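The block underneath contains the structure these notes are about, expressed in structure tokens.
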Amino acid sequence: MALTNGTFFKPSLFTLVGVPGLESVQHWIGIPFFISFILAVIGNGLLITIIHTERSLHEPIYIFLAVLAATDLGLTLCITPKMLVIFWLHSREIQFDCCLIQMYFTHTFQCMESGILLAMAFDRYVAICEPLRHSAIFTKKVLISIITVVTIRASLTITTCPLLMKLRLKHFRTTVISHSYCEHVAVVTLAAENVRINKAYGLFVAFSVLGFDVIFIFLSYAFIFQAVFKLSQKEARLKAFNTCTAHIFVFLQFYILTFFTSFIHRFGFNVAPYVHILLSNLYLLVPPLLNPIVYGVKTKQIRETAIKMFTPKN
């Protein structure tokens with residue numbers, strides 16, 4: 001309900017703008033997003049199927065890759081359908097509770113992806129620096145424990161964000177969200193109350209999760225490169241580097257997009273709003289599209305299994 005001072009008290013319905021400033025051409029913007037959505041769903045679904053059916057791929061790095069594909073699949077399914085409904089059907093309304101649920105799953109999948117990338121970096125470190133101990137370290141029990149910890153860490157860390165909004169924020173200046181999905185900062189800034197705790201916790205999550213993961217991924221690859229350069233044979237060095245190139249590419253495109261988008265959002269005051277929103281969308285939708293392509297091209301076992309699946313047996 002609207003109060004006399006122009007604020008809204010416990011609004012049940014919010015409106016997602018889509019891409020502010022480009023409302024008249026959003027139906028065209030939806031076309032590449034739809035194509036990327038279809039390709040991401042097919043690519044990640046195929047990757048999970050290949051790793052599940054091919055016994056030779058039941059190794060730690062590929063199990064982590066399957067979890068990464070499932071995370072990407074969840075992320076794109078969480079965001080893109082509602083986005084396309086906004087672009088094409090002009091259905092912009094969303095229930096506040098549904099908005100919080102979308103926010104929770106979006107940021108949870110982001111944190112899970114970061115954690116899985118860290119686990120994959122650790123796997124490459126052990127495989128290259130301690131190859132004789134790899135199978136002893138990455139047992140089935142350890143794999144399950146790592147995946148469980150990554151999932152629980154993301155779930156518990158992100159739960160507080162929507163919970164703080166639900167419990168603390170009652171009055172809102174407007175119910176129009178200048179975004180194409182329910183992003184934490186975009187919703188928090190609508191409140192007509194003190195939101196320092198909400199913003200501070202958001203920064204804490206960013207630095208404690210993403211910052212922690214980035215530091216240890218860099219350390220893993222620093223040790224990997226140190227070990228690789230000590231190899232005497234050139235072929236051995238190239239083989240070691242080749243096992244890491246796909247992961248390095250995925251790691252770089254995920255974190256470069258993450259930090260560039262965060263920098264534009266917090267310090268790009270002169271940047272047009274539609275630039276920030278488009279970058280935010282690309283940041284969440286590009287990794288699910290590229291990850292299965294990169295790993296499919298660079299990984300011989302996955303590439304050969306995919307060819308077998310689509311080649312007639314006769």
Side-chain angles (χ1 to χ4, degrees), residues 43-77 105 107-159 208-210 212-224 227-228 239-252 254-255 287-288 290-292 294-296 298-306:
N44 287 290
L46 185 62
L47 196 59
I48 294 170
T49 303
I50 289 172
I51 293 172
H52 175 70
T53 56
E54 184 61 38
R55 293 187 61 85
S56 64
L57 296 177
H58 292 180
E59 298 178 10
I61 188 64
Y62 299 117
I63 293 173
F64 288 141
L65 181 55
V67 177
L68 182 68
T71 303
D72 285 336
L73 198 58
L75 185 60
T76 193
L77 288 172
F105 280 108
H107 295 307
T108 297
F109 286 133
Q110 286 178 273
C111 289
M112 281 187 64
E113 181 152 358
S114 180
I116 292 299
L117 289 175
L118 174 60
M120 294 172 77
F122 180 59
D123 173 85
R124 291 300 83 200
Y125 163 75
V126 176
I128 293 173
C129 299
E130 301 284 347
L132 299 179
R133 299 178 57 201
H134 184 267
S135 58
I137 294 174
F138 280 95
T139 61
K140 184 178 179 180
K141 183 178 180 180
V142 170
L143 285 176
I144 294 173
S145 299
I146 290 174
I147 294 169
T148 302
V149 168
V150 167
T151 305
I152 292 175
R153 182 190 71 159
S155 301
L156 294 181
T157 305
I158 299 300
T159 298
S208 64
V209 176
L210 299 180
F212 174 89
D213 293 349
V214 167
I215 290 171
F216 280 92
I217 289 174
F218 270 118
L219 287 175
S220 297
Y221 278 101
F223 289 124
I224 288 172
V228 168
K239 184 178 180 181
F241 274 124
N242 193 50
T243 61
C244 299
T245 51
H247 180 66
I248 291 173
F249 177 83
V250 169
F251 158 70
L252 288 176
F254 177 78
Y255 286 106
L290 289 184
N291 289 354
V294 171
Y295 283 105
K298 289 295 297 179
T299 308
K300 182 180 178 181
Q301 296 96 317
I302 294 176
R303 188 169 62 248
E304 289 179 348
T305 306

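The model shown is predicted, which means the values in this text are computed figures rather than measured ones. What's counted below: heavy atoms across the whole structure, side chains too, no hydrogens, waters or symmetry copies. In this chain, residues are counted from 1 in sequence order.
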Exercise for the section: Verify the neighbour count for atom OH of Tyr221: are there more than 12 heavy atoms of other residues, nucleotides or ligands below 6.0 Å? Expected result: yes
Exercise for the section: Please list, chain by chain and in numerical order, all residues satisfying side-chain contact (heavy atoms from CB on, under 4.5 Å) with Glu59, sequence neighbours excluded. Expected result: Tyr62
Problem - pair Leu65-Leu68: side-chain heavy atoms closer than 4.5 Å - result: yes
Fill in the blank from the handout: Looking only at heavy atoms, the pair that brings Pro131 and Ile128 closest together is CD-O, 3.7 Å
Practice task
Decide if atom CZ of Arg303 counts as having more than 12 heavy atoms of other residues, nucleotides or ligands within a radius under 6.0 Å.
Solution key: yes
Completion exercise
Residues passing the side-chain contact (heavy atoms from CB on, under 4.5 Å) test with Leu46, sequence neighbours excluded, are Ile50, Met309, Phe310
Handout entry: Spacing of CD1 belonging to Ile146 relative to OG1 belonging to Thr151, to within rounding of 0.5 Å
Key = 11.5 Å
Problem - Test side-chain contact (heavy atoms from CB on, under 4.5 Å) applied to Thr148 - qualifying residues, sequence neighbours left out - result: Ile144, Ile152
Completion exercise
Interatomic distance, NE2@His107 vs OG1@Thr159, rounded to 0.5 Å, equals 12.5 Å
Exercise for the section: Report the C-alpha separation of Val67 and Val150 in whole Å, then their side-chain angles, then the decisive distance to 0.1 Å, and conclude whether the side chain to side chain contact (heavy atoms under 4.5 Å, CB included) test is met. Expected result: CA-CA 11 Å; Val67 177; Val150 167; over 6 Å; no
Handout entry: Pairwise distance OG(Ser114) to CZ(Phe109) - rounded to 0.5 angstrom
Key = 15.0 Å
Completion exercise
Closest non-hydrogen atoms of Phe212 and Ser208, given as atom of the first, atom of the second and distance, are CB-O, 2.9 Å
Practice task
Name all residues meeting the side-chain contact (heavy atoms from CB on, under 4.5 Å) criterion together with Val126; count only those two or more places apart in sequence or in a different chain, and write none if there are none.
Solution key: Phe122, Glu130, His134, Ile137, Phe138
Problem - Nearest atoms (heavy-atom pairs only) where Pro292 meets Asn44 - result: CD-OD1, 3.7 Å
Practice task
Flag the pair Leu47 / Asp72 as yes when at least one side-chain heavy-atom distance between them is below 4.5 Å, and no otherwise.
Solution key: no
Practice task
Measure the shortest side-chain to side-chain distance between Phe64 and Leu117 over non-hydrogen atoms and say whether it is less than 4.5 angstrom.
Solution key: no
Practice task
Give the minimum heavy-atom separation between Leu143 and Pro60, together with the two atoms involved.
Solution key: CD2-CB, 3.7 Å
Completion exercise
The salt bridge (Lys or Arg N to Asp or Glu O under 4.0 Å) partners of Arg153 (sequence neighbours excluded) come to Asp213
Practice task
Measure the spacing between CD of Gln110 and CG of Leu75 and express it to the nearest 0.5 Å.
Solution key: 6.5 Å
Handout entry: Nearest non-hydrogen partners of Ile48 and Ala66, listed with the distance
Key = CG1-O, 3.9 Å
Practice task
Give a yes or no on this: more than 12 heavy atoms of other residues, nucleotides or ligands lie within 6.0 Å of atom NE2 of His58.
Solution key: yes
Practice task
Mind checking the CD1-CD spacing from Ile302 to Glu54? Nearest 0.5 Å is all I need.
Solution key: 10.0 Å
Exercise for the section: Applying side-chain hydrogen bond (donor to acceptor under 3.5 Å, both in side chains), name anything that partners Glu113, two or more places apart in sequence or on another chain. Expected result: Asn291
